[in-house]
Chemist: 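Next up is a structure, given as structure tokens.
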Amino acid sequence: MRKLFIALTIMVLSAMSIMAQSTLVNNPNNKAYFGIRLGGEITCPGKITADNVGISVFNNGGGVEFGGIYNIPVVANFYIEPGLKLYYNTYSMKDEFIDFSEDDILFKDMSFKIKKFGMRVPIMAGYHFDFTDDVKVSVFTGPELEIGFTAKGHLKQDYIDVSESLYGDDGGLNRVNLLWGIGAGISYQHFYFGVNGGIGMLNMLSDSDVKFHENRVTFSVGYNF
């Protein structure tokens, strides 16, 4: 039994040594690089909650983002990747929450959309696995600061077309959001393909008694220089 234990220990230590020397987890040719990213996203607004009761008010929407990243090797294949991106996205209110009547006139077939434009500052920490010189798979996670430049609430019907800002005291929507991202990507030579999700950590409503979070899923393509 003692000999078996010693043999197994030697095998494990040998395997660890081989992996440590392998480019799969520890590529000696790692170097910092810039990259550009273009993404299409699914916006996933959460429920509006108050007193532990939540109501799903909004439909999922869509959007795009564009920007750059800087990949910084730290140790082995572990890296830090800050970035800067611009985004534009929208989502809409469900029909049952905007149909209403006033002075015996029924307002139907109306739409209410939220349209947002701003910037994002992600700071991801990740690890890449180099299967070949050309193919690398990475997993990553980290915070992403989002700052809104504009947010418009657009109400439209056959004879109504109104657009107002949702920021400020009258709008009630906060400009700053913090999301926690997690995702994976694959690089082939200089080309990049990835998917990641962002979970909203901050309440987006200035009324502290009512909670609302914004989430999203992003599909990205890019090029690494």
Chemist: So, for Lys47 and Gly54, which heavy atoms are closest and what is the spacing to 0.1 Å?
Modeler: CD-C, 4.1 Å

Chemist: Following the transitive rule for hydrophobic clusters with a side-chain heavy-atom cut-off under 4.5 Å over Ile, Leu, Val, Met, Phe, Trp and Tyr, establish whether Val64 and Val217 coincide in one cluster.
Modeler: no

Chemist: Compare all side-chain heavy atoms of Arg37 with those of Asn224 and state whether any distance is below 4.5 angstrom.
Modeler: yes

Chemist: Once rounded to the nearest 0.5 Å, what's the spacing between atom CD1 of Ile114 and atom NZ of Lys152?
Modeler: 13.0 Å

Chemist: Could you state whether Leu145 and Phe149 fall into the same hydrophobic cluster, counting links through intermediate Ile, Leu, Val, Met, Phe, Trp or Tyr residues with side-chain heavy atoms under 4.5 angstrom apart?
Modeler: yes

Chemist: Would you call the rings of Phe129 and Tyr127 parallel, tilted or perpendicular, where under 30° means parallel and over 60° means perpendicular?
Modeler: tilted

Chemist: Taking Leu166 as the starting point, is it possible to reach Val162 by hopping between hydrophobic residues whose side chains are less than 4.5 Å apart?
Modeler: yes

Chemist: Without swapping roles, check the side chain of Ser220 against the backbone of Gly194 for a donor-acceptor pair under 3.5 Å.
Modeler: no

Chemist: Would a 4.5 Å heavy-atom cut-off, applied to side chains only, mark Ile182 and Phe140 as touching?
Modeler: no

Chemist: Contact between Val57 and Lys94 at the side-chain level, heavy atoms closer than 4.5 Å - yes or no?
Modeler: no

Chemist: Mind checking whether Leu178 and Leu173 sit in one hydrophobic cluster, side chains of I, L, V, M, F, W, Y counted as touching below 4.5 Å?
Modeler: no

Chemist: When you measure from the side chain of Asp130 to the backbone of Leu24, do you find a donor-acceptor pair of N or O atoms at a distance under 3.5 Å?
Modeler: no

Chemist: Which heavy atom of His154 sits nearest to which heavy atom of Ser163, and what is that distance?
Modeler: ND1-CB, 3.5 Å

Chemist: Around atom NZ of Lys211, are there more than 12 heavy atoms from other residues, nucleotides or ligands closer than 6.0 Å?
Modeler: yes

Chemist: With rounding to the nearest 0.5 angstrom, report the CG to CD1 distance, Leu179 to Ile199.
Modeler: 9.0 Å

Chemist: For residues 78-85, run the donor-acceptor check on the side chains, cut-off 3.5 Å, and write out each pair with its distance to 0.1 Å, sequence neighbours left out.
Modeler:
from, atom 1, to, atom 2, distance (Å)
Glu81, OE1, Asn71, ND2, 3.0
Lys85, NZ, Glu65, OE2, 3.3

Chemist: Is atom CD1 of Ile48 surrounded by more than 12 heavy atoms (other residues, nucleotides or ligands) closer than 6.0 Å?
Modeler: yes

Chemist: So, Lys116 and Glu41, do they make that salt bridge, N to O below 4.0 Å?
Modeler: no

Chemist: At what distance, to the nearest 0.5 angstrom, does OH of Tyr87 lie from CD1 of Ile147?
Modeler: 9.0 Å

Chemist: State, to 0.1 Å, how close Ala76 and Asn26 come at their nearest heavy-atom pair, and which atoms those are.
Modeler: CA-OD1, 3.3 Å

Chemist: Considering only heavy atoms from C-beta outward, does the side chain of Phe112 approach that of Leu155 to under 4.5 Å?
Modeler: yes

Chemist: Please check this pair: side chain of Asn27 against backbone of Asn77, looking for a donor-acceptor N/O pair closer than 3.5 Å.
Modeler: no

Chemist: Might you point out which heavy atoms bring Tyr167 and Gly148 nearest each other, and give the distance in Å?
Modeler: OH-CA, 3.3 Å

Chemist: Would you compute the distance between atom CZ of Phe225 and atom CD1 of Ile36 and round it to the nearest 0.5 angstrom?
Modeler: 4.5 Å

Chemist: Determine, stepwise, if the pair Ile186 / Val135 fulfils side-chain contact (heavy atoms from CB on, under 4.5 Å).
Modeler: CA-CA 7 Å; Ile186 181 169; Val135 179; 4.2 Å; yes

Chemist: How close do Ser92 and Lys113 get, heavy atom to heavy atom, and via which atoms?
Modeler: CB-CG, 3.9 Å

Chemist: Taking the side chain as every heavy atom from C-beta outward, state whether Pro45 and Asn215 have any pair of such atoms under 4.5 Å apart.
Modeler: no

Chemist: Regarding Tyr91 and Glu214, do their side chains bring together a donor and an acceptor under 3.5 Å, going by distance alone?
Modeler: yes

Chemist: Is there a side-chain contact between Phe191 and Tyr223, using heavy atoms and a 4.5 Å cut-off?
Modeler: yes

Chemist: Honestly curious: do Phe193 and Phe131 fall in one hydrophobic cluster under the side-chain, below-4.5 Å linking rule?
Modeler: yes

Chemist: What distance separates Thr43 OG1 from Asn59 CG, expressed to the nearest 0.5 Å?
Modeler: 9.5 Å

Chemist: Provide the full list of side chain to side chain donor-acceptor pair (under 3.5 Å) pairs with a residue in residues 174-196, sequence neighbours left out, each pair given once.
Modeler: Thr141-Trp180

